[in-house]
Amino acid sequence: MDDLSTFCCQNPDCPDHGKRGHGNLTVCMRYGRHQRRLLYCKTCKARFSERKGTPLFDSRLPQGTVVSVLHHIAEGCGIRQTGRLCGVKKDTVSRYSLLAGDHAQQLHDELVAFSPQHR
Ligand SMILES: [Zn+2]
């Protein structure tokens, strides 16, 4: 059984939008190389990726690299410095830092969801 307690419905019009661990979500399928889960909300019948709403959604970089980039930025490294340390392009760093700025709370929850006790 999948633990979906860290996820919530991403449909802003849904009565259960943003409620984590509410029991309204199920996994309707897995997709892609990394078997990402497609989640289904029983309340509003919406389907969405488990990564929707986070900077990791639709990311072509490995998850570890994205986390590393964002961690450097959070620690106050500049964009160039972060790019050099993580081995990614400056443009990539700025793109993720912008996304993370918009989604800082979700990112936090996402990272907490990936902590070892949940794996
Ligand atoms: Zn919903």
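Bear in mind the structure is a predicted one, so any value in this text is a computation, not a measurement.
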Exercise. Working to the nearest 0.5 Å, report the span between CD of E75 and OG1 of T82.
Key: 10.0 Å
Exercise. First locate atom NZ of K45, then atom SG of C14, and finally report the distance between them rounded to the nearest 0.5 Å.
Key: 10.0 Å
Quiz item: SG of C44 to CG of D13: how many Å apart, nearest 0.5 Å?
Solution: 8.5 Å
Exercise. Find the distance between CD1 (I79) and CD1 (I73) and round it off to the nearest 0.5 Å.
Key: 6.0 Å
Quiz item: Any side-chain donor paired with an acceptor under 3.5 Å for D16 and H22?
Solution: yes
Quiz item: Would you call L25 and F48 a side-chain contact if the rule is heavy atoms closer than 4.5 Å?
Solution: yes
Quiz item: Could you give all pairs that pass the salt bridge (charged side-chain N to carboxylate O under 4.0 Å, His left out) test and reach residues 22-31, with sequence neighbours left out?
Solution: D2-R30
Practice problem: Compare all side-chain heavy atoms of C86 with those of H72 and state whether any distance is below 4.5 angstrom. | Solution: yes
Exercise. Using modelled atom types only, decide if a donor and an acceptor are shared between the side chain of T92 and the backbone of V88 within a distance under 3.5 Å.
Key: no
Exercise. Answer whether the closest heavy-atom distance between the side chains of T43 and C9 falls below 4.5 Å.
Key: no
Quiz item: Are any side-chain N or O atoms of E50 and backbone N or O atoms of R37, one a donor and one an acceptor, separated by less than 3.5 Å?
Solution: yes
Self-check item: Beyond-backbone contact of C8 with K19, side-chain heavy atoms, under 4.5 angstrom
Solution: no
Quiz prompt | Spacing of CZ belonging to F7 relative to SG belonging to C41, to within rounding of 0.5 Å | solution = 14.0 Å
Quiz item: Less than 4.5 Å apart, any side-chain heavy atom of L39 and any of T26?
Solution: no
Practice problem: Let me see the working for M29 and L38 under side-chain contact (heavy atoms from CB on, under 4.5 Å), right down to the final yes or no. | Solution: CA-CA 5 Å; M29 63 170 277; L38 190 69; 3.6 Å; yes
Practice problem: Working to the nearest 0.5 Å, report the span between CZ of R84 and CZ of R80. | Solution: 9.0 Å
